[in-house]
Visitor: 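Here it is, the structure, as structure tokens.
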2 protein chains.
Amino acid sequence: MGDNVANLADYIEQHLRRLLDLAEGGAIEIQRRDLADKFNCVPSQINYVISTRFTAERGFVVESRRGEGGYIRIFRTHLDTSTHPFGFVNSVVGDSVSDQEMGDVLFRLKDLGIIDRRDELLIKGIVRQQSEDLRGRSASLVRARILRAVLATLLSVRRECEEDM
Amino acid sequence: MGDNVANLADYIEQHLRRLLDLAEGGAIEIQRRDLADKFNCVPSQINYVISTRFTAERGFVVESRRGEGGYIRIFRTHLDTSTHPFGFVNSVVGDSVSDQEMGDVLFRLKDLGIIDRRDELLIKGIVRQQSEDLRGRSASLVRARILRAVLATLLSVRRECEEDM
DNA sequence: CCGGTGAAGGTCAGAATAAGTCAAAGGATC
DNA sequence: GATCCTTTGACTTATTCTGACCTTCACCGG
């Protein structure tokens with residue numbers, strides 16, 4: 001225990017985090033090849049670091065492009081999901097959701113103070129609108145997907161709005 | 001925006017956008033040969049830039065003519081943003097959406113200042129996450145639904161936030 | 001007229017560049 | 001020694017850039 005000697009992946013993570021701290025706007029751009037050279041490893045190691053450490057759950061979004069002028073960009077999101085119920089949302093929603101279950105989930109979230117009454121109505125409206133022409137199982141699958149997506153959006157946007165004040 | 005541009009195609013795109021911004025009536029006319037000379041590249045590079053960056057999805061129409069007195073004209077198309085969020089979103093999204101189309105739609109909305117860079121990435125991430133294990137048509141349908149739902153949420157919440165101030 | 005000619009722009013496929021994927025091997029931890 | 005995390009490299013995919021070849025058009029000489 002104590003100070004475990006960090007491995008390569010940890011060093012690369014540290015490096016990227018330092019860059020992010022220094023960067024204006026909480027975003028950085030790197031070349032995969034260059035970074036791999038700097039750390040004397042194969043390029044795919046960079047992908048490993050990014051996919052294990054710079055995830056949405058940890059508050060990052062990553063964007064990349066191949067070919068000439070290619071890059072990897074890492075953005076810090078406003079959303080820190082360890083303090084915000086992202087995982088929680090995923091755990092309550094499930095893969096298949098009936099209209100009734102949707103109501104229950106939203107009720108719980110409102111009860112917990114995560115969303116308010118207006119959000120509840122808004123979400124219910126959107127989910128219903130987007131699943132209205134579907135029946136049975138496919139409706140439930142779509143509802144689940146949309147519910148998760150909408151909740152994720154709402155939570156991150158809310159947070160942004162709060163910060164803006 | 002500090003968009004760092006790393007390749008020729010991006011430079012040419014930027015140049016054309018600047019011209020469009022300056023132009024009265026949101027339209028410009030260029031000579032392919034001249035532009036290629038200016039950027040020291042083959043003429044077909046211009047076609048590449050136009051066909052990848054100035055698409056209908058991104059809000060442009062392009063018209064050209066060969067032969068003596070030939071030209072390429074680029075027009076910016078307009079989008080009515082004053083309508084209700086739902087109607088607006090529906091007019092942009094459609095029933096079936098490829099990943100590429102989603103990218104273009106979000107790009108255009110960002111271009112119009114309706115969403116910002118982070119929204120763009122966030123939404124792309126959410127939609128991809130929710131459609132990642134699907135293939136072909138069903139993926140496109142789900143993408144369309146989720147994209148509509150997420151955009152509608154975002155726009156409604158945004159409005160609320162503004163009202164609250 | 002009318003067919004030729006040169007001046008545009010268009011198409012397509014291949015090379016070059018850079019990132020992504022995946023599975024298997026290697027280590028650490030319990 | 002079982003399991004989980006890391007590291008590697010062979011293979012895949014995406015994007016850009018180029019050049020050879022094609023099409024369209026105005027104009028000109030006969």
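To find a chain, count down the sequence lines: A is the first, B the second, and so on, and within it residues start at 1.
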Visitor: So, does the side chain of B:R33 form a donor-acceptor pair with the base of C:dG9 at under 3.5 Å?
Guide: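 No, the side chain and the base share no sub-3.5 Å donor-acceptor pair.
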
Visitor: Please report the distance, rounded to the nearest Å, between CD1 in B:I72 and C1' in C:dA7.
Guide: 14 Å

Visitor: Who pairs with B:F39 by ring-ring contact (aromatic ring centres under 6.0 Å, His included), at least two apart in sequence or on another chain?
Guide: B:H15

Visitor: Starting at atom CD of A:E63, determine the distance to atom P of C:dA18, rounded to an integer number of angstrom.
Guide: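 Atom CD in A:E63 sits about 18 Å away from atom P in C:dA18.
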
Visitor: Rounded to the Å, how far apart are A:E13 CD and D:dT7 C1'?
Guide: 16 Å

Visitor: Apart from B:V42 itself, which Ile, Leu, Val, Met, Phe, Trp or Tyr residues share its cluster (side-chain heavy atoms under 4.5 Å, direct or through members)?
Guide: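 When side chains under 4.5 Å apart are linked, B:V42 ends up in no cluster with other residues.
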
Visitor: Restricting to side chain to side chain donor-acceptor pair (under 3.5 Å), what partner residues turn up for B:T77, sequence neighbours left out?
Guide: B:R108

Visitor: Which pairs would a plain distance check flag for residues 67-76 of chain B, meaning a side-chain donor or acceptor within less than 3.5 Å of a matching protein atom at least two apart in sequence or in another chain?
Guide:
unit_1: B:R73; atom_1: NE; unit_2: B:E29; atom_2: OE1; d: 2.8
unit_1: B:R73; atom_1: NH1; unit_2: B:E63; atom_2: OE1; d: 3.2
unit_1: B:R73; atom_1: NH2; unit_2: B:E29; atom_2: OE1; d: 3.4
unit_1: B:R76; atom_1: NH2; unit_2: B:D21; atom_2: OD1; d: 2.8

Visitor: Would you mind classifying the nucleic acid contact of B:R53 as base, sugar-phosphate or nothing, using non-hydrogen atoms under 4.0 angstrom?
Guide: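 Sugar-phosphate, backbone atoms only, no base.
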
Visitor: Under the side chain to side chain donor-acceptor pair (under 3.5 Å) rule, collect the residues that match up with A:D95, sequence neighbours excluded.
Guide: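 Scan of A:D95 (side chain to side chain donor-acceptor pair (under 3.5 Å), adjacent residues dropped) gives none.
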
Visitor: So do B:S156 and A:L122 actually touch side chain to side chain, heavy atoms under 4.5 Å?
Guide: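 A side-chain contact under 4.5 Å exists here.
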
Visitor: Donor-acceptor pair, B:D34 side chain versus B:Q31 backbone, under 3.5 Å?
Guide: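 Checking the backbone N and O of B:Q31 against the side chain of B:D34, no donor-acceptor pair under 3.5 Å is found.
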
Visitor: For A:K110, give me all partners under side chain to side chain donor-acceptor pair (under 3.5 Å), at least two apart in sequence or on another chain.
Guide: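 A:K110 satisfies side chain to side chain donor-acceptor pair (under 3.5 Å) with A:E120 only.
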
Visitor: Would you kindly give the CG-to-C1' distance between A:D37 and C:dA19, to the nearest whole Å?
Guide: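 Atom CG in A:D37 sits about 14 Å away from atom C1' in C:dA19.
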
Visitor: From CZ of A:R32 over to P of D:dT8, roughly how many Å is that when rounded to an integer?
Guide: 13 Å

Visitor: Nearest whole Å is fine: how far is D:dT7 P from A:I50 CD1?
Guide: 15 Å

Visitor: For B:I46, report the nucleic acid contact type (base, sugar-phosphate, nothing); a contact means any heavy atom under 4.0 Å.
Guide: nothing

Visitor: Whole angstrom is fine here: how far is it from CG in A:L35 over to P in C:dA18?
Guide: 15 Å

Visitor: With B:E13, which residues qualify under side chain to side chain donor-acceptor pair (under 3.5 Å), at least two apart?
Guide: B:R17, B:R53

Visitor: Generate the contact string for nucleotides 17-30 of chain D. Rules: B means base contact, S means sugar-phosphate contact only, - means no protein heavy atom under 4.0 Å.
Guide: BBB---BBBS----

Visitor: What does the inter-axis angle of the helix from C:dC1-D:dG30 to C:dC30-D:dG1 come out as, five pairs per end, nearest 10 degrees?
Guide: 10°

Visitor: If I take atom CG in residue A:N47 and atom C1' in nucleotide D:dG9, what distance separates them, rounded to the nearest angstrom?
Guide: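 In whole Å, D:dG9 C1' lies 13 Å from A:N47 CG.
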
